[in-house]
Amino acid sequence: MKRYLNILLLSTLLLGQIPDSRIVAEWEPALGTLIRWPLGIPSDLVVELASDDFLYVLVENNNQENSARNSFSSWNVNLDNVDFIYTQTYSHWTRDHGPQFLIGQNSWSVVNQQFDGYPEETGCVLEDSQGCDEGMLMVDCSGNEFCNNQPEYAEYDCYIANENCSDFNEDGVVSDWLGDDYCDDGTWGVDFLCNEYSWDCGDCGELINDDNGYCDQSALSLNRHENMARPHDGDARGWEEDDDTNIDFANHIGWDILDLPLFWTGGNFMTDGYGMGFSTELMVNENNLSQSEFLNISQDYLNLDTYHIFDNPNELSIQHIDCMAKLVGPETIIIKQVSENSPEYECIENFAESFEELNTFYGRPFEIHRIYCPSIVSSWWEINPVAAYTNSLILNNKVLVPQYGNLYDQSALEVYSQAMPGYEVIGFDNNTNEPWYGEDALHCRTMGIFDPEMIHISHKSIRTEEVVNNSEIYIEVEVLDYGLVLSELESVTVHWKYESEDGPFGSFPLLYSDNIYLGQFPQLNSSSEIEYYIEAINTGGKTSTHPNAGFHTFTTQEGMFGDINQDFNIDVLDVVVLVNYILSLSDGDLIGTDLNNDNVVNVLDVIILINLILL
């Protein structure tokens with residue numbers, strides 16, 4: 001079964017080299033966040049977004065700005081950090097119609113994609129038809145299987161009211177899809193335009209040939225909603241009003257615009273920041289292009305050289321990837337996990353397994369964390385809804401995570417803390433009239449606005465399984481200062497400490513050589529967890545760290561008794577290190593030197609070590 005399509009269009013870069021032009025990733029240095037008024041987020045989230053960073057607010061007119069200002073003031077929002085931008089908007093989903101950013105050494109552009117709402121698609125197609133009761137598996141007029149007692153909408157008992165159908169939803173009537181005034185020509189996922197299904201009992205305007213007696217029932221008027229997953233207010237206004245927000249935003253800030261001839265909905269896109277993209281197949285399908293055409297445009301305009309297109313994991317939804325997974329760094333991803341009782345369990349597991357087969361920008365597997373997402377009570381447009389914990393926002397040193405008021409909220413926050421050590425992880429409930437849903441939560445309603453003059457650090461972090469020798473742990477860093485392209489950095493430094501110590505962090509400088517900064521850790525104690533981060537400072541005093549907040553971790557190799565210098569050999573070199581330590585010629589404490597455990601390191605320990613060597 002196909003799980004994903006990995007398209008590698010072009011790769012002329014050296015492994016680990018920062019691309020000349022790239023789409024910015026969510027965890028990179030940000031100026032602030034873009035939201036829309038009227039709001040789709042709770043007031044405490046607005047306060048948090050404006051507390052340390054800029055908050056860009058889309059409003060349509062002066063009345064809306066005044067209304068927002070009055071509310072913000074009453075909530076104690078930091079208005080000094082708020083910037084109002086005038087534009088026509090229809091929805092508060094700034095993630096989807098808002099801007100992505102293309103950055104280069106001498107360029108910075110706001111991507112102005114096309115936007116026209118939220119088409120739904122089916123997915124989660126398994127190789128067999130598990131979960132369908134005996135006698136309920138049927139085939140429509142186009143040869144597609146469907147489970148008769150599992151209709152798409154809860155108002156119905158069955159697709160077809162045959163002898164096996166009854167009042168399953170216990171509303172007092174037996175209702176089905178034939179003769180309900182909705183044309184089932186495949187638009188709604190099934191095709192009933194043939195004699196076997198009585199030509200949908202005339203719902204498509206066809207002549208009825210009712211040999212099976214399906215059309216003898218009294219007509220029922222039920223609410224089967226349009227194939228658009230988020231609610232639409234009617235014909236007076238529409239999604240096209242969101243289509244120009246990026247133009248108005250870019251003009252307001254004074255940034256260049258890149259017009260992209262694609263529907264490229266932000267919630268269905270993730271990037272590692274190095275030319276690798278991730279979307280479900282709905283992204284391709286809504287453009288009415290072949291996959292090769294879509295991918296070629298993505299490469300030409302966005303420099304996305306590797307684009308992973310995944311099977312739609314949900315039975316029926318907008319299939320946005322930000323409700324399935326969350327890249328929290330170039331090599332770390334959080335993927336949702338659902339109950340084994342969910343009809344989508346196997347499809348979500350297939351989706352997760354697809355990432356196990358991929359390599360990162362640095363040529364090694366992703367570090368994968370799973371986050372359990374329990375079932376929730378949602379609205380009519382969602383099928384199999386679960387808590388969208390992956391639908392979070394990374395904003396500089398913070399991670400803002402939706403909460404659903406259930407027992408799994410805290411464990412979701414803990415997953416983020418494990419995947420992103422040192423970040424401030426904050427949960428947000430939403431008790432407004434627009435609560436968090438399964439396909440629509442915090443990430444959908446916010447959009448990061450990034451710093452075009454950022455200092456970008458690229459670093460293949462040290463992993464425990466790659467540590468071979470505790471005395472020879474090297475570090476390599478590439479730094480690109482987008483604000484001072486022709487200037488040298490003032491310093492690039494590694495800060496580190498043992499996890500068991502409260503601090504402070506020690507440090508050592510990295511030396512510049514052939515566009516790379518290089519260095520080596522001092523000899524580290526065995527079996528110890530190390531925390532470290534990299535800091536770059538330019539001549540203007542601007543700083544950046546890697547990771548953007550918090551720190552990386554790894555664990556050193558286990559030691560051998562008597563292996564003082566931890567080179568996995570017990571020899572005369574260990575004697576030299578031990579003697580120098582006793583004579584105070586070596587700095588710091590050395591674990592493993594007190595060989596006789598008498599709490600004193602002296603000549604007796606040297607004698608034990610020599611005897612070990614002579615054995």
Side-chain angles (χ1 to χ4, degrees), residues 364 367 418 421-422 459-477 490-514 516-537 545-547 550-615:
R364 57 186 181 179
E367 178 184 322
Q418 293 165 6
H459 166 58
K460 182 180 179 180
S461 62
I462 299 168
R463 290 183 174 178
T464 298
E465 61 271 20
E466 296 172 347
V467 175
V468 176
N469 189 328
N470 295 338
S471 62
E472 296 181 359
I473 300 177
Y474 298 95
I475 192 164
E476 183 176 299
V477 172
E490 184 175 284
S491 64
V492 179
T493 307
V494 175
H495 301 269
W496 73 279
K497 74 176 187 68
Y498 293 104
E499 184 275 335
S500 59
E501 299 176 350
D502 293 333
F505 281 78
S507 64
F508 59 90
L510 298 182
L511 302 179
Y512 184 74
S513 176
D514 296 329
I516 298 294
Y517 289 86
L518 302 171
Q520 181 180 357
F521 278 88
Q523 181 172 307
L524 299 174
N525 296 332
S526 60
S527 304
S528 300
E529 183 173 334
I530 308 299
E531 300 173 349
Y532 78 97
Y533 66 93
I534 300 155
E535 181 182 39
I537 305 176
T545 62
H546 192 292
F551 43 82
H552 299 291
T553 64
F554 68 91
T555 302
T556 57
Q557 286 282 309
E558 296 181 1
M560 299 166 55
F561 182 74
D563 181 18
I564 307 301
N565 66 354
Q566 299 180 33
D567 65 353
F568 299 98
N569 292 303
I570 302 175
D571 53 26
V572 68
L573 296 177
D574 298 292
V575 177
V576 172
V577 173
L578 180 56
V579 170
N580 284 337
Y581 179 69
I582 294 171
L583 297 175
S584 299
L585 299 177
S586 299
D587 295 329
D589 294 329
L590 285 178
I591 290 178
T593 54
D594 184 16
L595 299 179
N596 62 357
N597 294 316
D598 64 354
N599 295 319
V600 179
V601 181
N602 55 25
V603 68
L604 297 178
D605 298 293
V606 177
I607 294 172
I608 293 174
L609 179 57
I610 292 173
N611 286 333
L612 282 173
I613 296 171
L614 295 177
L615 288 177

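Counting from 1, the numbers follow the sequence of the chain as shown.
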Side chain to side chain contact (heavy atoms under 4.5 Å, CB included) assessment of Asp605 paired with Val600: CA-CA 9 Å; Asp605 298 293; Val600 179; 5.8 Å; no
Whether His459 and His546 hold their rings parallel, tilted or perpendicular, with breakpoints at 30° and 60°: perpendicular
Test item: Glu499 side-chain N/O and Glu531 main-chain N/O as donor-acceptor pair under 3.5 Å: no
Side-chain heavy atoms of Lys497 within contact of Pro504, under 4.5 Å: no
Atom CD of Glu558 with >12 non-hydrogen neighbours under 6.0 angstrom: no
Main-chain N/O of Val494 paired to Ser507 side chain as donor or acceptor, under 3.5 Å: no
ring-ring contact (aromatic ring centres under 6.0 Å, His included) partner of Phe521, chosen from Tyr532, Tyr474, Tyr498: Tyr532
Reported CG-to-CG distance for the pair Asp563 and Leu573, which is rounded to 0.5 angstrom: 10.0 Å
Those residues that, when tested against Arg463, pass salt bridge (Lys or Arg N to Asp or Glu O under 4.0 Å) (two or more places apart): Glu331
Ser526 vs Asn470 side-chain heavy atoms within contact, under 4.5 Å: yes
Within-4.5 Å side-chain heavy-atom neighbours: Ser461 and Phe554: no
Distance in Å, Leu604 CG paired with Leu595 CG, rounded so as to fall on 0.5 Å steps: 10.5 Å
Side chain to side chain, Val492 and Ile534, heavy atoms closer than 4.5 Å: yes
Heavy-atom donor-acceptor pair, Ser528 side chain to Thr556 backbone, under 3.5 Å: no
Check against side chain to side chain contact (heavy atoms under 4.5 Å, CB included), Asn565 and Gln523: CA-CA 8 Å; Asn565 66 354; Gln523 181 172 307; 3.9 Å; yes
Main-chain N/O of Ile582 paired with Asn602 side-chain donor or acceptor, under 3.5 Å: no
Side chain to side chain contact (heavy atoms under 4.5 Å, CB included) evaluation trace for Ile564 with Thr593: CA-CA 7 Å; Ile564 307 301; Thr593 54; 4.1 Å; yes
Test side chain to side chain contact (heavy atoms under 4.5 Å, CB included) applied to Leu511 and Leu518, step by step: CA-CA 5 Å; Leu511 302 179; Leu518 302 171; 5.7 Å; no
All N/O donor-acceptor pairs, side-chain side in residues 606-613, below 3.5 Å, sequence neighbours left out:
unit_1	atom_1	unit_2	atom_2	d
Asn611	ND2	Ile607	O	3.3

Geometric class of the Phe505/Phe551 ring pair [parallel <30°, tilted 30-60°, perpendicular >60°]: tilted
Any residue meeting salt bridge (Lys or Arg N to Asp or Glu O under 4.0 Å) with Glu367, in chain and number order, not counting sequence neighbours: none
Side-chain donor or acceptor of Thr464 paired with backbone N/O of Thr555 under 3.5 Å: yes
Spacing of Asn469 atom CG and Asn569 atom CG [to the nearest 0.5 Å]: 9.0 Å
Atom pair CD1 (Ile473) and CD (Gln520), whose distance is rounded to the nearest 0.5 Å: 9.0 Å
